[in-house]
Amino acid sequence: MKITTLSALEVLDSRGRPTLSVTATLEDGRSVHAGVPSGASTGSREAVELRDGDPGRYGGAGVSRAVGHVNGEIADALVGADFGRLEDVDSRLIKLDGTPTKSRLGANATVGVSMALARAFAVEAGVPLWRSLTPMGVEPARPGALCFNVLNGGVHAPNSLDFQEFMITPLGAPSVAEAVRAGAEVYAALKRRLAGKGFVTSVGDEGGFAPDIARPEDVLAELVEAISDAGYVPSRDGVAIALDPAASEFYRDGSYVVAGERLTSDDMIARYAEIIERFPVWSLEDGLAEGDWDGWARLTAALGERVQLVGDDVLVTNPAIISEAISKGIANAALIKLNQIGTVTETLEAMRLCREAGWHQMVSHRSGETPDAFIADLAVASACGQIKSGAPARGERVAKYARLTEIEATEPGLPYRRP
Ligand code: 2PG
Ligand code: MG
């Protein structure tokens with residue numbers, strides 16, 4: 001596969017911050033695009049998102065240097081070269097950058113190029129992206145766990161809620177289309193409930209409501225009611241709940257600060273045990289902070305049999321860190337975000353390691369998004385069964401659910417995988 005042009009533009013993401021839009025042209029004139037996502041609650045060991053730091057533009061958040069790298073050095077290296085596989089493109093990018101964290105060219109530059117070129121391979125082969133991304137030996141599948149983030153806190157919303165994401169997962173839905181319907185119906189029921197109690201129903205960065213409720217248990221109680229109001233059963237066979245407290249964000253001086261209370265790792269574990277007892281929570285992401293590996297080991301030992309424990313900030317989609325965590329019994333599932341590692345190939349490698357260890361994987365958007373629905377295809381290709389893409393509302397969030405609905409409609413024979 002050869003490309004004849006490669007270029008990037010500085011465009012805005014869903015938060016109104018600059019990001020990259022990458023375009024490549026194939027030899028027959030067809031073009032492919034990719035939009036680069038951007039996080040707010042980032043892990044410290046993520047690949048480096050290159051920002052200009054020029055206070056005169058976008059308060060320093062411009063990405064013109066990353067854009068320049070795509071249009072210059074990266075285009076020079078890739079345009080006209082004949083690549084047999086995406087792995088060859090990605091290893092070229094990794095070598096060209098030359099740093100362990102992609103800090104020279106910027107992981108925002110490399111991931112945009114890698115995603116665009118993944119699409120170029122699919123277009124050239126005349127197959128959908130998900131088929132072209134499917135690793136050898138994997139049977140692609142529609143994800144049976146769509147995690148809709150219906151209530152936002154933490155750094156994604158300006159309320160007093162410390163936990164970042166309260167997601168509903170219609171695990172009992174028989175199809176993507178029915179899961180989307182359940183997600184939207186519960187979202188609407190939750191809006192009615194919150195409005196009825198006098199809460200504002202404005203939304204956070206991922207489209208979930210952002211009422212000023214401080215205690216996570218109080219939010220969970222509202223969610224359970226909203227699920228029932230919408231006519232579903234709040235359970236692991238009906239509509240269940242997934243949490244991402246994003247605990248690194250409220251870990252201060254060795255304590256977790258939740259609704260004004262200072263808690264130890266063991267207090268947090270006990271609190272989660274109670275939460276799992278009282279509410280239909282099936283998945284808990286970043287329950288403890290990225291640096292608290294001892295706490296994570298105790299959390300995994302205590303709750304790992306009862307609930308999915310997803311590592312995000314602690315693992316950052318990094319194959320080396322995931323391998324270490326697997327060997328140390330830290331978490332039992334990984335969140336998968338392309339821009340945390342910076343190429344599609346390394347992302348697939350992280351997923352392969354998880355599969356081989358019997359770990360689940362949840363493919364994820366970022367809180368800053370574009371309309372690009374790449375992650376929907378990735379979830380199908382990897383057959384991981386799980387995806388989170390924010391609320392069942394707002395264009396940049398629903399683009400991913402819409403893509404899954406489209407894949408389901410065009411390929412009804414694809415197996416439907418529940419975690
Ligand atoms: C997370 C993500 C996505 P961010 O913590 O899982 O929901 O947030 O992109 O801000 O890191
Ligand atoms: Mg997270």
Side-chain angles (χ1 to χ4, degrees), residues 13-17 19 35-49 51 61 107-108 111 145-158 161-169 203-208 210 216 241-251 281 283-292 296 299 308-318 321-322 325 331 333-342 347 350 360-370 372 374-376 378-379 386-394 396-401:
D13 71 12
S14 56
R15 265 195 287 254
R17 299 180 82 228
T19 189
V36 176
S38 169
S41 62
T42 49
S44 61
R45 296 208 273 175
E46 291 193 17
V48 174
E49 180 180 77
R51 300 265 172 200
N108 42 353
V111 82
L146 308 191
C147 300
F148 299 101
N149 184 4
V150 294
L151 208 135
N152 298 182
V155 298
H156 292 170
L161 184 60
D162 299 298
F163 282 20
Q164 179 178 282
E165 301 172 25
F166 293 78
M167 295 169 274
I168 48 161
T169 316
V203 298
D205 287 353
E206 298 190 348
I241 295 173
L243 289 175
D244 178 8
S248 305
E249 297 291 334
F250 53 84
Y251 189 56
V281 170
S283 180
L284 172 65
E285 175 186 330
D286 279 2
L288 295 176
E290 60 169 308
D292 187 7
W296 263 101
L299 172 70
Q308 171 171 277
L309 297 170
V310 186
D312 173 12
D313 289 1
V314 66
L315 304 176
V316 294
T317 317
N318 183 311
I321 301 174
I322 290 174
L335 200 74
I336 301 294
K337 294 164 164 169
L338 291 148
N339 78 324
Q340 279 185 328
I341 188 70
T347 305
H360 286 293
Q361 311 115 61
M362 184 186 286
V363 168
S364 171
H365 67 153
R366 297 306 308 240
S367 51
E369 266 294 335
T370 76
D372 191 330
F374 193 104
I375 58 168
L378 179 62
Q386 311 182 29
I387 185 169
K388 69 169 189 176
S389 175
R394 299 173 66 99
E396 78 282 2
R397 310 294 150 192
V398 298
K400 285 65 164 173
Y401 301 127

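Atoms within each ligand, like the ligands themselves, are counted from 1 in listed order.
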**Message:** Would Ala246 count as a contact residue for ligand 1, given that I'm defining contact as a non-hydrogen atom of the residue lying under 4.0 Å from a ligand atom?
**Reply:** no

**Per-atom contacts of ligand 1 with Glu165, taking only distances under 4.0 Å to non-hydrogen atoms** = 1 (C), 2 (C), 3 (C), 5 (O), 6 (O), 7 (O), 8 (O)

**Asked** Numbering the atoms of ligand 1 from 1, which are under 4.0 Å from a heavy atom of Leu335?
**Response** 6 (O)

**Request:** Tell me which protein heavy atom sits closest to atom 2 (C) of ligand 1, plus the residue, atom name and distance to 0.1 Å.
**Result:** Lys337 NZ, 3.2 Å

**Asked** So, Trp296 side chain and Ala289 main chain: donor-acceptor pair closer than 3.5 Å or not?
**Response** yes

**Message:** Geometry only, no angles: is Arg15 polar-contacting ligand 1 at N/O separations under 3.5 Å?
**Reply:** no

**Prompt:** After noting the C-alpha distance and the side-chain angles of Lys337 and Asp312, does the key distance pass the salt bridge (Lys or Arg N to Asp or Glu O under 4.0 Å) rule?
**Reply:** CA-CA 9 Å; Lys337 294 164 164 169; Asp312 173 12; 2.8 Å; yes

**Prompt:** Taking Tyr251 for the side chain and Asp292 for the main chain, is one N or O donor matched with an acceptor at less than 3.5 Å?
**Reply:** no

**Prompt:** Between Arg366 and Asn339, does any side-chain donor sit less than 3.5 Å from a side-chain acceptor?
**Reply:** yes

**Prompt:** Which ligand 1 atoms, with their elements, are less than 4.0 angstrom from a heavy-atom of Asp244?
**Reply:** 1 (C), 5 (O), 6 (O)

**Prompt:** Looking at Val310, Val363, Thr169, which hits side chain to side chain contact (heavy atoms under 4.5 Å, CB included) with Cys147?
**Reply:** Thr169

**Asked** So which of Arg397, Arg15, His156, Arg394 actually passes side-chain hydrogen bond (donor to acceptor under 3.5 Å, both in side chains) with Asp205?
**Response** Arg15

**Message:** Can you name the atoms of ligand 1, numbered from 1 with element, that are less than 4.0 Å from a heavy atom of Glu206?
**Reply:** 3 (C), 7 (O), 8 (O)

**Prompt:** the Mg ion (ligand 2): which protein N, O or S atoms are under 2.8 Å away?
**Reply:** Asp244 OD2, Glu285 OE2, Asp312 OD2

**Request:** Using a strict cut-off of 4.0 Å, indicate which atoms of ligand 1 neighbour a heavy atom of Arg366.
**Result:** 4 (P), 9 (O), 11 (O)

**Request:** Compute the shortest N/O to N/O distance between Ala40 and ligand 1 and return yes if it is under 3.5 Å, no if not.
**Result:** yes

**Asked** Are the charged groups of Lys400 and Asp372 less than 4.0 angstrom apart, N to O?
**Response** no

**Item:** Identity and separation of the nearest protein heavy atom to atom 8 (O) of ligand 1
**Value:** His156 CE1, 3.2 Å

**Request:** Give the residue and atom name of whichever protein heavy atom lies nearest to atom 6 (O) of ligand 1, and the separation in Å to one decimal.
**Result:** Lys388 NZ, 2.6 Å

**Fill in**
Between Asp244 and Glu285, the two heavy atoms sitting closest are OD2-OE2, 2.7 Å

**Item:** Heavy-atom side-chain contact between Asn108 and Thr19 under 4.5 Å
**Value:** no

**Request:** Return yes or no for this condition: an N or O of Ser367 is under 3.5 Å from an N or O of ligand 1.
**Result:** yes

**Prompt:** Under a 4.5 Å cut-off applied to non-hydrogen side-chain atoms, are Leu288 and Ser248 in contact?
**Reply:** no

**Request:** Would you please say whether a donor-acceptor pair under 3.5 Å links the side chains of Ser38 and Glu49?
**Result:** yes

**Item:** Min N/O separation Gln164 to ligand 1 under 3.5 Å
**Value:** yes

**Leu284 CG to Leu309 CG distance, which is reported to the nearest 0.5 Å** = 5.5 Å

**Message:** Pairing donors with acceptors under 3.5 angstrom, does anything connect the side chains of Asn149 and Glu206?
**Reply:** yes

**Item:** Mode of His365 contact toward ligand 1 - side chain, backbone, both, neither (heavy atoms, under 4.0 Å)
**Value:** both

